[in-house]
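Keep in mind the model is a prediction, meaning the values are calculated, not measured.
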Amino acid sequence: MAAYSDHNNYFVREIEKHDGSVLKVNQCHMGDVGCVVWDAAIVLAKYLETKLFHDPSLGVNLWAGRRVVELGAGTGVVGLMAATLGAHVSVTDLEDLQSLLNINIQDNHTLIHNGSITAKVLKCPSSISSTSAQSIAPLTETLKQLAGPETCIICCYEQRTEGINPKVERQFFELLQQSFHWEEIPLSKQDQEFSSPDIHILHIQKNQRL
């Protein structure tokens with residue numbers, strides 16, 4: 001376990017926004033998977049500022065004033081991007097990652113003007129381990145509880161073919177389809193520089209009950 005006490009434990013990943021400003025995201029030299037900026041997180045963060053959502057030249061900003069929850073935020077890069085675009089964001093992860101999240105919020109607060117961001121503890125059942133396979137059911141149940149009829153869940157993941165990853169992915173979608181429907185966003189609608197055929201972005205919405 002990493003000791004999140006000061007900036008000496010971190011190294012910084014810089015992510016340039018379309019307006020020229022730079023998100024400075026601390027990562028840990030040592031620690032678990034939540035301590036680093038994953039490629040999928042960057043792809044999703046950059047997708048949030050595509051013209052589909054944010055086009056200053058046309059006065060379009062679909063994030064302004066929106067409430068956003070990031071589940072399993074890790075470093076918080078996606079939530080930070082949304083907050084700089086005007087959303088009111090709660091970034092959530094386990095207790096061990098709260099210090100890292102709060103440091104990243106503090107280090108980027110000058111970029112947040114009309115939006116806001118707060119770190120909160122994501123509470124998981126004590127019987128659930130941190131393995132991907134055992135996290136699927138709690139994740140889908142959390143999505144069901146959080147999502148309303150107008151909620152759009154944006155999911156981004158890197159497709160992996162080794163080990164149990166294909167099985168875990170299949171199980172996740174089998175559970176998801178019981179309560180949700182989704183569409184995959186083509187590469188042509190993602191950020192032209194920060195995208196990859198192996199990284200998928202989905203828009204997920206709750207099924208409407210008749």
Side-chain angles (χ1 to χ4, degrees), residues 1-13 15 23-45 48 63 65-112 114-148 150-158 168 172 175-176 179-180 202 204 206:
M1 181 181 297
Y4 306 138
S5 57
D6 56 49
H7 281 67
N8 293 328
N9 294 315
Y10 309 116
F11 61 100
V12 174
R13 176 76 177 266
I15 299 169
L23 284 171
K24 296 181 178 179
V25 186
N26 293 275
Q27 305 178 86
C28 294
H29 290 290
M30 297 178 61
D32 206 345
V33 294
C35 302
V36 297
V37 179
W38 291 91
D39 290 342
I42 297 175
V43 168
L44 180 52
L48 299 188
W63 296 116
R66 292 289 181 95
R67 292 177 59 195
V68 173
V69 177
E70 184 183 4
L71 295 177
T75 62
V77 60
V78 176
L80 284 165
M81 177 66 81
T84 64
L85 297 173
H88 300 292
V89 182
S90 295
V91 284
T92 68
D93 215 311
L94 302 179
E95 183 72 48
D96 289 346
L97 288 166
Q98 295 301 300
S99 294
L100 177 58
L101 282 170
N102 280 305
I103 284 175
N104 282 331
I105 290 171
Q106 179 59 37
D107 284 1
N108 292 280
H109 76 277
T110 57
L111 301 182
I112 301 171
N114 298 317
S116 63
I117 185 168
T118 305
K120 297 183 178 180
V121 176
L122 177 62
K123 296 183 179 180
C124 294
S126 58
S127 60
I128 300 300
S129 78
S130 60
T131 62
S132 297
Q134 292 174 303
S135 300
I136 292 172
L139 172 59
T140 53
E141 185 60 33
T142 299
L143 293 177
K144 285 167 60 177
Q145 293 178 9
L146 284 177
E150 304 299 324
T151 302
C152 180
I153 301 166
I154 304 178
C155 172
C156 185
Y157 70 98
E158 183 171 358
V168 170
F172 171 68
L175 273 179
L176 194 69
S179 302
F180 296 91
L202 307 176
I204 303 171
K206 207 170 189 179

Starting at [atom1] of [X], measure out to [atom2] of [Y] and round the result to the nearest 0.5 Å.
X	Y	atom1	atom2	answer
Thr142	Leu71	OG1	CG	6.5 Å
Gln106	Asn26	CD	CG	11.0 Å
Cys155	Ile204	SG	CD1	4.5 Å
Leu97	Leu122	CG	CG	10.0 Å
Leu143	Leu139	CG	CG	4.5 Å
Trp63	Asn114	CH2	CG	15.5 Å

(request) For Val77 and Trp38, run side-chain contact (heavy atoms from CB on, under 4.5 Å): C-alpha distance rounded to whole Å, both residues' side-chain angles, the deciding distance at 0.1 Å, then the answer. (result) CA-CA 10 Å; Val77 60; Trp38 291 91; over 6 Å; no
(message) Determine whether a donor-acceptor pair (N or O, by modelled atom type, separation under 3.5 Å) exists between the side chain of Asn104 and the backbone of Gly76.
(response) no
Not counting sequence neighbours, which residues clear side-chain contact (heavy atoms from CB on, under 4.5 Å) with [X]? List them please.
X	answer
Thr118	Lys120
Ser179	Lys144, Arg209
Ala147	Thr151, Ile153, Phe180, Lys206
Asn102	Gln98, Ile105, Ala119

(request) Give every residue pair that meets the salt bridge (charged side-chain N to carboxylate O under 4.0 Å, His left out) criterion with at least one member in residues 72-91, sequence neighbours excluded. (result) none
(request) Among residues two or more places apart or on two chains, list those pairs meeting salt bridge (charged side-chain N to carboxylate O under 4.0 Å, His left out) that have a residue in residues 71-91. (result) none
Give the table of side-chain donor-acceptor pairs shorter than 3.5 Å for residues 81-92, with sequence neighbours excluded, one pair per line with atom names and distance.
| from | atom 1 | to | atom 2 | distance (Å) |
| --- | --- | --- | --- | --- |
| Thr84 | OG1 | Lys17 | NZ | 3.3 |
| Thr84 | OG1 | Met81 | O | 2.7 |
| His88 | ND1 | Ser116 | OG | 2.8 |
| Thr92 | OG1 | Glu70 | O | 2.8 |

(message) Using the rule given for side-chain contact (heavy atoms from CB on, under 4.5 Å), can you reason through Ile136 versus Leu175, listing the C-alpha separation, both sets of side-chain angles and the distance that settles it, and then say yes or no?
(response) CA-CA 8 Å; Ile136 292 172; Leu175 273 179; 3.5 Å; yes
(message) Which heavy atom of Ala73 sits nearest to which heavy atom of Leu101, and what is that distance?
(response) CB-CD2, 4.0 Å
(request) Mind listing the closest non-hydrogen atom pair of Leu100 and Cys28 along with its distance? (result) CD2-SG, 4.1 Å
(message) Quick one, Val121 and Asp93 - any side-chain contact, counting heavy atoms below 4.5 Å?
(response) no
(request) Indicate yes or no: at least one non-hydrogen side-chain atom of Val78 is less than 4.5 angstrom from one of Val68. (result) no
(request) Can you spot which of Thr75, Val37, Leu111, Ile42 makes a side-chain contact (heavy atoms from CB on, under 4.5 Å) with Leu23? (result) Leu111
